[in-house]
Each structure stands twice: as structure tokens, then as C-alpha cells.
Amino acid sequence: MSQQLSEQEILRRESLVALREMGIEPYPAARYEASHFSTDILEGFEKQEDDEVWTSVKLSGRIMTKRIMGKASFLDVMDSKGRLQVYLNRDILCPDENKDLYNVVFKRHLDIGDFIGITGKVFRTKMGEITIEADSLTVLSKSLKPLPIVKKDEEGNVYDAFTDPEQRYRMRYVDLVVNDHVKETFITRSKIMTAMREFFNRHDYLEVETPILQPIPGGAAARPFITHHNALNIPLYLRIANELYLKRLIVGGFEGVYEFAKDFRNEGMDRTHNPEFTAMEIYVAYKDYFWMMEFTEQMLEHVVKTVHNGKTEVSFGGTKLNFKAPYARVSMRDAILEHTQFDIDGKSEEELREACKKMGVEVDSTYGKGKLIDEIFGEKCEPKYIQPTFITDYPVEMSPLCKKHRENPEYTERFELMINGKEVANAYSELNDPIDQRERFEEQVKLAEKGDDEAMFIDQDFLRALEYGMPPTSGMGIGIDRLTMMLTDNASIQEVLFFPQMKPENKEEKKVELNENEKLISSLLEPETSYALSEIKEKAGLSNKQWDKSLKGLNQKEVTKVEKTESGLFIRLA
RNA sequence: GACUCAGUAGCUCAGCUGGUAGAGCAUCUCCCUUUUAAGGAGAGGGUCCAGGGUUCGAACCCCUGCUGAGUCACCA
């Protein structure tokens with residue numbers, strides 16, 4: 001499989017060979033340990049310029065720009081924390097007669113993107129920039145493909161940014177190198193998860209891991225991915241949720257368990273859905289959903305403060321979101337009443353269907369009561385909740401794993417946390433009555449028979465676990481990707497996933513063989529002879545387009561050569 | 001899945017009414033020992049996403065396909 005190399009790629013490969021010929025290994029094995037990160041030097045030198053340590057520092061990273069001025073050069077070196085300018089002076093770097101390290105290795109054979117290590121002393125340039133004056137330079141790794149060059153001027157305006165989303169997502173490694181803010185997003189994502197974990201651990205809850213490959217995909221309503229286990233010869237599903245396994249652990253006697261889980265759903269993709277995504281679910285024994293609301297708002301306030309330097313307010317797409325606890329609590333009935341003047345309380349399926357029609361909410365004949373109410377809420381209310389708001393008490397039909405409301409069995413003890421019109425968290429007083437749970441599953445089976453392809457399966461083992469007894473428990477799930485979007489001001493889930501799902505690239509193999517038309521043309525030519533182009537065109541008898549394409553192809557493949565002389569255009573075999 | 005937009009040099013983009021492609025950065029050569037979007041002089045670099053069609057002639061018009069983005073639909 002040969003690939004066509006660009007001019008710049010060929011030159012870099014030539015530099016690679018040249019370095020080896022000079023006895024410099026472009027991919028050395030030895031470790032190279034920097035004394036400081038770039039940011040340490042910048043901040044430290046700013047604080048105390050006369051500190052001894054600045055007379056000898058060691059830095060490693062990627063060359064991001066080269067500014068050569070004859071016998072001296074400046075380059076920006078980027079390490080994992082940031083960038084630092086390096087000053088290369090020919091006679092300081094090469095105090096002896098031999099100036100090859102500067103003239104040949106650096107100027108000729110090192111490129112933007114290469115990794116180097118340098119040692120030297122820190123100083124401030126005439127222009128006031130903190131810089132390392134290098135007294136040694138070590139090649140650490142050669143880069144064979146040119147990076148996109150992104151430039152910034154004094155005012156911070158960005159030029160030639162690497163912005164094509166397709167290329168950025170497919171080549172995230174390049175995106176991360178040249179777009180600083182991308183790295184920031186993922187650092188924040190990590191901080192969010194660390195802050196949550198820290199909050200849970202402080203409460204002595206246990207981080208656990210449960211199966212991703214499940215014989216029955218439970219805990220949510222969604223279409224699963226299916227796979228097959230050869231040795232057992234059974235189908236297995238990739239989990240759509242980990243809820244039922246975590247509850248089994250509460251049955252087993254843990255006080256609180258949580259898991260950051262990769263879930264998989266075989267559904268459409270758009271800017272808020274990726275086939276695999278991360279959900280955090282937590283279950284705590286002897287609690288109810290009222291407790292969980294307080295726990296959730298405190299946890300979120302803690303997370304937001306941690307990633308935003310103590311502030312609870314974040315800006316998302318121009319709107320300000322404030323995560324300071326407590327959050328508003330609105331029951332689903334009140335929400336719908338407020339936004340549509342329709343009271344869902346005590347209504348039959350028919351009445352609800354009629355109401356949907358009146359409101360212009362599209363419904364399907366397969367929808368049950370719960371689904372109808374959900375449609376009304378989704379259409380008329382959901383987008384209205386911008387600031388964090390708990391929507392509580394969902395209809396019983398749409399919450400088959402949730403305990404019935406202690407005051408009204410039509411509803412459940414459930415809340416969802418809405419932020420910016422989107423569902424971010426979902427929580428219950430968990431259903432622990434095994435007989436009720438079995439009946440709810442059976443309701444789901446009826447829905448499935450009606451044609452609802454998302455209705456839940458009956459998980460007999462889960463029911464058995466409940467029959468052994470589960471303490472009253474509250475559970476909560478939160479979408480890490482969507483939360484990260486909100487806290488990093490990104491409108492697309494692809495921006496908060498390192499490697500969002502994409503269609504495969506499937507680049508066609510480049511055809512080196514000649515096609516029929518190209519063969520025809522070359523067959524009309526004898527070696528060492530020139531022909532008038534028009535003559536061959538006539539003989540070939542191809543359409544103008546075909547002739548044009550074929551001739552271009554032949555020239556590209558260096559089979560033929562077209563020459564222009566005073567007497568006209570001529571073609572011959574190359 | 002529907003609609004809209006886009007795909008041109010390594011990167012960011014121009015390209016008029018159809019006349020075989022341009023700029024900046026990057027690359028190469030030369031000059032330049034504190035520059036910083038370094039500068040000056042010169043040079044090279046293209047499957048104009050792919051395949052058909054219309055035309056004397058297509059990056060441009062038409063059709064089909066591929067890829068991506070946006071909006072909507074679906075999806076807690």
C-alpha cells in the first residue's frame with residue numbers, strides 16, 4: 001500500500017535520513033526529563049528573576065514556530081502545560097568551530113512539530129518576553145507530517161485556525177496540538193469527574209464496576225447494541241444503563257455505590273447524542289428522592305465551584321446558568337398546568353390523547369398515558385426551564401423502576417433535573433417492592449406487544465434480588481457528556497468526546513493501473529516518438545471529457561508527457 | 001430519514017457571466033546575532049471530493065454518489 005507523499009512530507013523524510021547520517025538518532029530511546037514545565041518557568045521567573053534555578057533549566061516539547069534570523073533564532077516550544085520561547089544563538093549553542101548543530105541540524109533538518117529538548121538559562125528579551133537561551137539542543141522525535149499552522153497576533157486574533165470539524169474530530173491528536181481551547185475542554189471534563197468522585201467518596205460511597213456485556217439490557221428504555229459470545233453461544237447486549245446492577249449491590253448490603261459508566265444506545269446521532277456516552281449513576285440506601293434532590297444540588301454546586309474557581313455561575317451559549325443550591329422544584333403536573341393550562345390529574349388515556357391533539361402535540365397510536373404526558377411536557381414545558389430546576393412526580397406509566405408516590409399512586413417519586421431546557425439528571429425513590437416491580441415489568445411487556453420497541457425486558461434475576469429485600473433507596477443518574485457541554489460552553493457532544501463516532505474514512509486505494517481509455521491512448525504511441533496532440537486525440541475517438549480525463553491521468557501517472565513547442569502541442573511516452 | 005450549506009495547495013480561504021487555477025501562512029534557496037502573525041528577495045507546490053452528462057471548452061452548469069456541518073424528525 002503506497003501512499004502519495006506531499007512535497008513537505010518527502011522533505012521531512014529526507015531530513016530524517018540526513019540526521020541519521022550525521023549520527024543523530026531522530027527517535028532516541030533514552031528518557032529526557034525536564035526540570036520544569038513551561039508554565040513553571042514563566043510564573044516562577046516572573047515572581048523571582050534572580051533565583052539561582054533560572055541559570056540552568058531543562059525543557060522538552062514540540063517546536064511550534066521557528067523565527068530564524070541568520071545566526072540567531074527564536075522558536076516556541078510547547079509542552080503539556082503551555083508554550084515557552086527559546087532563543088538559539090549560533091555561537092552560544094555551538095561554542096566550538098563546528099556549527100553544524102545550529103546551521104544544519106536546527107536550521108535545515110528540524111521542523112515545526114518536532115520534539116526537542118533544550119537546556120539553558122532563563123532571561124527576558126528586549127521585548128520583555130521570558131525566554132530560554134539554549135546551550136544544548138537534543139532531538140527527541142521527528143515529525144513527518146506538517147501540522148496546521150495556527151497564528152495569533154498581539155490582540156489574540158487567530159489566523160488560519162484549524163477549524164474543519166470533520167478533520168478535527170477524525171484527527172483529534174492534531175486538534176489538541178494546535179487548538180489550545182480543546183485541551184482545556186477535556187481537562188475540565190476530567191476535573192468534573194474528579195470533583196464528583198471526591199464528593200461521593202467524602203460521603204463514604206463506594207465506586208464500583210458492573211458488567212457492560214449484559215444478557216438482558218435493563219435500566220432504561222432504549223434500543224441496545226447486540227453482540228455474541230462464542231464460547232457460551234449466547235447473544236449479549238452492550239449495556240444501556242447500569243441501574244439494575246447497582247441496585248443488586250444495594251441488596252448485597254452496600255450503603256452507597258456509584259459508577260461512571262459507558263453506556264451504549266443504538267439510536268440516531270446528532271449534536272447531543274453519541275452511540276456511546278458516559279453516565280454516572282449513584283444509589284444510596286435508606287434515602288428518598290427528596291434527600292437526593294438536596295444531595296444532587298449540593299454535588300453540582302461543588303462541581304461547578306471546583307471547575308470555575310469558586311463561582312457558581314457559568315455562561316452557556318450567551319445565557320447565564322447559576323448552579324447555586326437550592327434549585328427550584330416543580331411537579332410535572334404543575335409544569336404542564338402552568339404552560340398549557342391543562343391539568344393531567346386523573347385524566348384517562350383518551351382525554352390525554354384529545355388534549356395532545358388540541359395543543360398540536362403529535363402523538364402515535366402506540367403511546368400509553370405516560371408517553372402522552374411526556375410528549376406534552378417535552379413539547380410545551382421542557383425548553384422553558386433554563387436555570388437548574390427539578391421536575392418531580394412523573395406519571396407511573398413512564399417510570400417502571402420508580403416507587404409510586406406516597407400520596408398519589410398515579411405518580412412516582414421521581415425527579416429530573418432540567419438545565420437550559422435539557423434533561424441533565426434523573427432520579428427516583430427506587431422501587432423495592434418486588435411484587436409491584438413484577439407488575440410494572442409486565443406492563444412494559446404489554447407496551448412492547450403494542451409496538452413500543454423501547455419497552456423494557458423482564459429481568460428475572462433482578463426480581464429475585466428484590467425478593468431477597470432491598471432497603472429503601474434513592475438513585476440518581478447524570479449525563480457526564482451533557483453536563484460537560486454545559487460547563488465548557490460547547491453546543492455539540494462531539495466537542496466533549498475525544499473521539500466521537502464518525503463514519504469510517506474508507507479512502508479508496510489509489511489506482512496506479514491504467515483504465516481502458518488510458519490504455520487506448522498509450523497504445524497509439526511508440527517509444528521515442530512525438531506526436532501532434534490533435535492527431536492522437538482524433539485517433540483515440542474519445543469524447544472531449546474522456547480525452548481530457550485520460551490525458552490528465554496519463555500525465556499524472558508519468559506514462560506520457562505533453563510538450564509545448566513553437567509549432568504546437570506534442571505528446572510522447574515518458 | 002428530510003431539507004439547506006459546504007468540500008479548491010500542508011493549513012485558512014479567493015476564484016465574476018463557463019475560457020485548463022490564485023492569495024496569506026507553511027515549504028525550498030539566499031540575506032539577516034533579542035524576534036514574536038519577525039522581515040527582505042526569489043522559487044516550487046494542485047486528482048479543484050468521486051463518477052457521469054451538457055459544451056468547441058467545466059473548479060464553475062446538470063445528474064448520481066461520498067464525506068462533513070447546520071436545521072428538523074427520531075431518540076428520555
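Residue numbers start from 1 in every chain, and the chains themselves are labelled A, B, ... in the order their sequence lines are given, proteins ahead of strands.
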Exercise for the section: Name the closest nucleotide to the A:M127 side chain, picking from B:A37, B:U33, B:U36. Expected result: B:U36

Problem - Under 3.5 Å side-chain donor-acceptor pair for A:T488 and A:T185 - result: no

Practice task
Tell which nucleotide pairs with B:U34, taking only Watson-Crick or G-U wobble pairs whose two distances are both under 3.5 angstrom.
Solution key: none

Handout entry: A:E495 with A:R168: basic N within carboxylate O range, under 4.0 Å
Key = yes

Handout entry: Whole-Å C1' distance, B:G39 and B:A50
Key = 43 Å

Practice task
Measure from CD on A:E129 to C1' on B:U34 and round the result to the nearest Å.
Solution key: 11 Å

Problem - Flag if over 12 foreign heavy atoms under 6.0 Å of CZ, A:R172 - result: yes

Exercise for the section: Counting Watson-Crick and G-U wobble pairs only, both distances under 3.5 Å, name the nucleotide matched with B:A26, or none. Expected result: none

Completion exercise
As its Watson-Crick or G-U partner within any shown strand, both distances under 3.5 Å, B:G51 has B:C63

Exercise for the section: Flag the pair A:E410 and A:K369 as a salt bridge only when some basic side-chain nitrogen lies within less than 4.0 angstrom of an acidic carboxylate oxygen. Expected result: yes

Handout entry: Any A:L417 side-chain heavy atom under 4.5 Å of A:I419 side chain
Key = yes

Handout entry: Atom NZ of A:K183: over 12 foreign heavy atoms under 6.0 Å
Key = yes

Practice task
May I ask you to say whether A:E397 pairs ionically with A:K371, meaning some side-chain N is under 4.0 Å from a carboxylate O?
Solution key: no

Problem - Non-hydrogen side-chain atoms of A:K380 and A:I336 separated by less than 4.5 Å - result: no

Exercise for the section: Name the nucleic acid region contacted by A:F123, choosing base, sugar-phosphate or nothing; use a 4.0 angstrom heavy-atom cut-off, strictly under. Expected result: base

Practice task
Write down the distance between CE (A:M502) and C1' (B:C66), rounded to a whole number of angstrom.
Solution key: 13 Å

Problem - Contact letters for nucleotides 70-76 of chain B, in which S counts primed atoms plus P, OP1 and OP2 and B counts the base, heavy atoms under 4.0 Å - result: -S-BBBB

Handout entry: Interatomic distance where NZ belongs to A:K107 and C1' belongs to B:A26 [whole Å]
Key = 18 Å

Handout entry: Atom pair distance, as rounded to whole Å: CD1 in A:I63 and C1' in B:U27
Key = 15 Å

Handout entry: Pair A:E9 + A:K145: basic N to acidic O under 4.0 Å
Key = yes

Handout entry: Complement of B:C16, any strand, by Watson-Crick or G-U distances under 3.5 angstrom
Key = none

Practice task
Please report the closest heavy-atom contact between A:S15 and A:K142, naming both atoms and the distance.
Solution key: CB-CE, 3.9 Å

Problem - Spacing of A:E133 atom CD relative to B:U33 atom P, expressed in whole Å - result: 16 Å

Using a cutoff of under 3.5 Å, can you pull out all pairs of nitrogen or oxygen atoms linking the protein to nucleotides 4-11 of chain B, with atom names and distances?
{"from": "B:C11", "atom 1": "O2'", "to": "A:D160", "atom 2": "O", "distance (Å)": "3.4"}

Practice task
Can you label the angle between the A:F377 ring and the A:Y385 ring as parallel, tilted or perpendicular, going by 30° and 60°?
Solution key: parallel

Problem - Distance between C1' atoms of B:G22 and B:C66 (Å, rounded) - result: 27 Å

Practice task
Considering only atom C1', compute the distance from B:C48 to B:G19 and round it to an integer number of Å.
Solution key: 16 Å

Fill in the blank from the handout: The nucleotide from B:U33, B:A37, B:U35 with an atom nearest the side chain of A:R90 is B:U33

Practice task
Remember a base hit wins even if backbone is also touched, and classify A:K152 as base, sugar-phosphate or nothing at under 4.0 Å, heavy atoms.
Solution key: sugar-phosphate

Exercise for the section: Would you mind checking if A:E259 and A:R239 are paired as a salt bridge, meaning a charged N to carboxylate O distance below 4.0 Å? Expected result: yes

Handout entry: Interatomic distance at C1', B:C30 relative to B:A23, whole Å
Key = 23 Å

Exercise for the section: Could you state the atom-to-atom distance from CD of A:E166 to C1' of B:C49 in whole Å? Expected result: 10 Å

Problem - A:D76 CG - B:U35 C1' separation (whole Å) - result: 10 Å

Exercise for the section: Please measure how far the C1' atom in B:G46 lies from the corresponding atom in B:U27, and state the result in whole Å. Expected result: 15 Å

Exercise for the section: Would you mind building the protein contact string for nucleotides 38-43 of chain B? One character per nucleotide, 5' to 3', B for base within reach (heavy atoms under 4.0 Å), S for sugar-phosphate only, - for untouched. Expected result: B-----

Completion exercise
When both distances are under 3.5 Å in a Watson-Crick or G-U wobble arrangement, the nucleotide paired with B:C5 is B:G68

Practice task
Quickly work out the A:K503 NZ to B:G1 C1' distance and round it to whole Å.
Solution key: 11 Å

Exercise for the section: For B:G45 versus B:G24, give the span between their C1' atoms, rounded off to a whole number of Å. Expected result: 15 Å

Handout entry: B:U67 and B:U29, which share atom name C1', separated by this distance in whole Å
Key = 39 Å

Problem - Base B:U36 to side chain A:E154, donor-acceptor N/O within 3.5 Å cut-off - result: no

Handout entry: Beyond-backbone contact of A:V496 with A:F277, side-chain heavy atoms, under 4.5 angstrom
Key = no

Problem - Rounded distance in Å between the P positions of B:C25 and B:A43 - result: 15 Å

Handout entry: Between A:H405 and A:Y394, ring centroids under 6.0 Å
Key = no

